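Notes follow once the structure below has been shown.
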Amino acid sequence: EPEVTQTPSHQVTQMGQEVILRCVPISNHLYFYWYRQILGQKVEFLVSFYNNEISEKSEIFDDQFSVERPDGSNFTLKIRSTKLEDSAMYFCASSGGGAGAYEQYFGPGTRLTVT
Amino acid sequence: GNSVTQMEGPVTLSEEAFLTINCTYTATGYPSLFWYVQYPGEGLQLLLKATKADDKGSNKGFEATYRKETTSFHLEKGSVQVSDSAVYFCALKGNNQGGKLIFGQGTELSVKP
C-alpha cells in the first residue's frame, strides 16, 4: 500500500540553525500539508500546498518557514533559524484529487529537537 | 472559527469493555469528520470518516455517526482489545478540496488485559 515517508525520523539542531525536513508524498496525490504536534498538545496545521504554491497557511507559519516541492516527488519544510519553541513532531500529509481530497494520509513524522 | 473538542483522557478500560470517546465540533457549513489513531511511536492513521450528516463511519470494529443536530461524532467500540491502546484524535475538514484538518486535543486510551 502506498505511504507517505519522512526523513529524518529525528533531528537535533542548535537554536538559530536552519533545518530541512523532507517528505515523499503518495505519488499520485495533488495536495500536500505540514502539521506539527508539540509534546502533549494537539496536532496543528502549518501549511497546505497545491499546484506548486501555498494554498493556505496558519499564523504559526511565519517568515521563518518555507515549503518547496523541488523535484516532483519530494516536499520539504525549511525552518530558517530554529527557536527552542520549534521543538515538536512534524507530520507531512498528502491527499488525492476529487473525492480523494477528503482523506489525508500522514507520514510517521520527524521529531525535531532544538537545543 | 471551526474547532473540535474531545473528552479528556487518559481513558483506562479492561479488555472487552465498551468504549465511547466523545467528540463535538463547531463549524460553518457542512464539514467532513474523521477519527485518526496514533499508536505509540507511530504517525497518524485514518481510522474512519463521515462526509455528511447521518453517515456512519466504521473500521476495525470502531464506529462513529455524524450527528448534525448535536454537532457530535462520538467514537464507539463494543469490545476493546489491548492492541487498541493508542491516542485517538477527532478532526474536521471543510468541504473545500485540499482544506486543512482541525484536530481535537486527542484522547489517550489504555486497555488492560
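On a predicted model such as this, the values are computed, not experimentally measured, just so you know. In what follows, chains carry the letters A, B, and so on, assigned in the order in which the sequence lines appear, proteins first and then strands, with residues in each chain numbered from 1.
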What do you reckon, is CD of A:Glu3 surrounded by more than 12 foreign heavy atoms closer than 6.0 Å? no
When heavy-atom pairs shorter than 4.5 Å are enumerated against chain A, which of B:Gln45, B:Lys100, B:Glu42, B:Glu108 gives the highest number? B:Lys100
For B:Thr70, side-chain hydrogen bond (donor to acceptor under 3.5 Å, both in side chains) partners two or more places apart: B:Ser72
Got a sec: does the CG of A:Leu39 have more than 12 other heavy atoms crowding it under 6.0 Å? no
Which atoms of B:Leu44 are under 4.5 Å from chain A, going by heavy atoms: the side chain, the backbone, both sets, or neither? both
Compare every heavy atom of B:Gln38 with every heavy atom of A:Phe91, then report the nearest pair and how far apart it is. CZ-NE2, 3.5 Å
Treat each ILVMFWY residue as a node, draw an edge where side-chain heavy atoms are under 4.5 Å apart, and state whether A:Leu77 and A:Val19 are in one component. yes
A quick test of your reading: do over 12 heavy atoms of other residues, nucleotides or ligands sit less than 6.0 Å from NZ of B:Lys68? yes
Locate the shortest heavy-atom distance separating A:Glu103 from B:Phe34; write the atom from each residue and the value. CA-CE2, 4.5 Å
For A:Tyr50, which atoms come within 4.5 Å of any heavy atom of chain B: side chain, backbone, both, or neither? neither
Around B:Tyr39, counting heavy atoms of other residues, nucleotides and ligands shown, do more than 12 lie under 6.0 Å from its OH? yes
Quick one: do B:Leu19 and B:Val87 end up in the same hydrophobic cluster if we chain Ile, Leu, Val, Met, Phe, Trp and Tyr together by side-chain heavy atoms under 4.5 Å apart? no
Spatial distance of atom OG (A:Ser58) from atom CD1 (B:Ile102) [nearest 0.5 Å]: 11.0 Å
Would you say that more than 12 heavy atoms from the other residues, nucleotides or ligands in this model lie under 6.0 Å from the CD of A:Glu18, or not? yes
Grab the two heavy atoms, one from A:Val43 and one from B:Phe89, that are nearest each other, plus how far apart they are. CG2-CE2, 4.1 Å
Indicate, with yes or no, if A:Phe65 and A:Tyr31 share a hydrophobic cluster defined by side-chain heavy-atom contacts under 4.5 Å among Ile, Leu, Val, Met, Phe, Trp and Tyr. no
Counting only non-hydrogen atoms closer than 4.5 Å, does A:Gln37 touch chain B with its backbone (N, CA, C, O), its side chain (CB onward), both, or neither? side chain
Return yes if some donor-acceptor pair links the side-chain N/O of A:Gln104 with the main-chain N/O of B:Gly99 below 3.5 Å, else return no. yes
Should the heavy atoms of other residues, nucleotides or ligands under 6.0 Å from CD of A:Glu85 be counted, would the total exceed 12? yes
Sort by residue number and list every residue of residues 3-12 of chain B having at least one heavy atom under 4.5 Å from chain A. B:Val4
Check whether more than 12 heavy atoms from other residues, nucleotides or ligands sit under 6.0 Å from atom CG of A:Asp63, and answer yes or no. no
A:Phe106 vs B:Tyr36, test: side-chain contact (heavy atoms from CB on, under 4.5 Å). Steps then yes/no. CA-CA 10 Å; A:Phe106 283 74; B:Tyr36 280 83; 3.6 Å; yes
Check whether A:Tyr35 gets within reach of chain B through its side chain, its backbone, both or neither, counting any heavy atom under 4.5 Å. side chain
